[in-house]
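What follows is a short report on a single structure.
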Amino acid sequence: MTLPDKDSVLAAHAENRAIRSLLTSLPDSIADAAFDRDELTLTIAKDQIREAAAVVREAGYNFLEDVTCVDWYPSEPRFHVVYHILSHGLKERVRLVAQVDSVDPVIESIIPVWPSANFYEREVWDLFGVRFSGHPNLRRIMMPEEWQGHPLRKDYPVEGYR
Amino acid sequence: MGDMPQFVATSTLLEPRPEEGSGDRTMVLNMGPQHPSTHGVLRLVIEIDGETVLKVVPDIGYLHTGIEKTCEAKFYQQVVPLTDRIDYLCPMTNNLVYCLAVEKLLQLEIPDRAQWIRVLLNELTRLNSHLVWLGTHAMDIGALTVFLYCFREREEILRIFEAVSGQRMMTSYFRVGGLALEPPLDLFGRIQKLLKALPERIDEYEGLLTGNPIWMDRLKGVGHLSAEDAIALGVTGPPLRASGVDWDLRRDMPYSSYEKFQFKVPISHDCDVWARYIIRIEEMRESVKICRQALDGMPEGPIKADAPGIVLPDREDMKSQMESLIYHFKIVTEGFPVPAGQVYQAVESPRGEMGYYVVSDGTAKPYRVHMRNPSFATLQALQKMCEGRLIADVVAVIGSVDIVLGEIDRGDGRECAGDTAA
């Protein structure tokens, strides 16, 4: 099975408000697009995630549901930071993904756009070790302060280190 | 004491201001993690000026057991029992959202009967959760009687859960592809009886609380949260609707055939603890209606999808048909592969939006399972709701957002549920 490429997905969903706004305001920001199982996934260039979040918010996607991360170790870029954004008015959601390399994993915080990202980003830092620049309080949230390592990384054993 | 570390009641999370010795120096108060009104092991560090709250910093993670990591090491079907443990007040909701997510990955059609039983049990779960919330919330504020009344009805709901799944709290009744078993014969009659009694019982709780001047004084105008703040801070569920945002996933993004049910979504523009109380009471009444509709229109038919290799075969078939035996053996020993992809499925849990993000790499084990928990996000709004209020109002506000710590910490919540809830 071959997945439809970025351009055909963008063409098929040209009327989607998130895509339309992103293409108008930040034309280079969409690195990839996919539509699978009725869910739209837009891969956003890492450096533009905060602007892209602001654009998507302006487009009517007003509610940040979730920020999390998937570790694709050992492939690169290793970390996919995933944002689920919901629109109360349009009754649909969009998924933004930003890919972060394993060397010095850092991405811009989106707290200026949605203050609710605060806890989610702390959780991603705690469990995956991806840092969020501009976060006012990037402390561990689940694990104890003095914990070594980031447990949800794929190279961290399920039983922990003994 | 030698090398023993000093006991520190407050941590560096907050420091009293301004410098020591100053007359208007604030005080930092530690509340929890072992505190009866924090519903588990929530720790709040509160900066107070006299009785007035200046700052509230939640400190969480005490129950974290790494359930998301554990899920990655299990087969898809083995994750179901883990999902119960996250939120011990709405196990069925968690089962449902996980099953829906995996079914979406598999593109599996679920028979009507299974969907309707799922809706029925989910609404009972909502009643169960709201009853515990009402009882404990009232107890926090000082109305002890309500607790006993609520737990009387909750007991019957738990007995129904036990009849259906063999477990009172950790039900694990839903399966990927349908239900574990056909419910017992007398079950619908029992539920019918309970539903008949419930509206009167809800009137009874309201009789104890709604007109009560002490209750009104403690709730009205407390914990104000505007609609803008609620959305900005990720608040969902009854607190969001109490702030005037008309949003309910059951109605607006229906799942498991909720679109076939008629119900109202109560909203309020009062934005305070009182509004959240009224909304949950109204939701209980609506849940009773949904349960009735589910019972009245309950379709006949199979309770499992026709998907050999994914759904376990019936016990009888397994004993008489070679093919079923092979499928059974393969599912139990190797699991079933799920096509690669990622889905996010959200449902309206009693506390708000409960979402599961499941990523598959094409194998029989999930590559990543992430839970989006309503209480976790709602906790961020605590500062906004408590700021400038009295210290006693913090207790009312915590009660009104209905937190469950197992869910916030993504851990096994049973430990703290043990005393009152089991």
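So that the names make sense, note that chain A is the first sequence line, chain B the second, and so on, each numbered from 1. Predicted, not measured: the structure shown is a model, and the values here were computed from it. Values below: all heavy atoms of this structure, side chains included; hydrogens, waters and symmetry mates excluded.
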Passes side chain to side chain contact (heavy atoms under 4.5 Å, CB included), B:R372 versus A:V67? Steps please. CA-CA 9 Å; B:R372 186 263 183 227; A:V67 180; over 6 Å; no
Please lay out, stage by stage, how B:E72 and A:V158 fare under the test side chain to side chain contact (heavy atoms under 4.5 Å, CB included). CA-CA 9 Å; B:E72 293 171 9; A:V158 178; over 6 Å; no
Tell me yes or no: between the side chains of B:R368 and A:T68, is some donor less than 3.5 Å from an acceptor? yes
Measure distances from [X] to the heavy atoms of chain A and classify the residue's part below 4.5 Å as side chain, backbone, both or neither.
X	result
B:P339	both
B:Y357	side chain
B:V343	both
B:V235	backbone
B:E68	both
B:A73	side chain
B:I408	backbone

Indicate the atoms forming the closest heavy-atom contact of [X] with [Y], along with that distance.
X	Y	value
A:L86	B:M253	CD1-SD, 3.7 Å
B:Y344	A:R95	N-NH2, 3.4 Å
B:P58	A:F119	CG-CZ, 4.1 Å
B:Q342	A:R37	N-NH1, 4.5 Å
A:R93	B:A346	NH2-CB, 3.5 Å
A:M142	B:D409	SD-O, 3.7 Å

Which bit of [X] is near chain B, if near means a heavy-atom gap under 4.5 Å: side chain, backbone, both or neither?
X	answer
A:R122	neither
A:E39	side chain
A:V82	side chain
A:D38	neither
A:P115	both
A:R140	neither
A:H84	side chain

Do the rings of A:Y120 and B:F376 sit parallel, tilted or perpendicular, given the 30° and 60° boundaries? tilted
Could you check whether any side-chain N or O of B:K69 sits under 3.5 Å from a backbone N or O of A:P157, counting only pairs where one atom can act as donor and the other as acceptor? no
Interatomic distance, [X] atom [atom1] to [Y] atom [atom2] [nearest 0.5 angstrom]:
X	Y	atom1	atom2	result
B:I60	A:I141	CD1	CD1	4.0 Å
B:H64	A:L127	NE2	CG	5.0 Å
B:D229	A:S116	CG	OG	11.5 Å
A:E145	B:D59	CD	CG	8.0 Å

With a 6.0 Å cut-off (strictly less than), is the heavy-atom count around NZ of B:K104, excluding the residue itself, greater than 12? yes
Between A:W72 and B:Y367, is the gap from one ring center to the other below 6.0 Å? yes
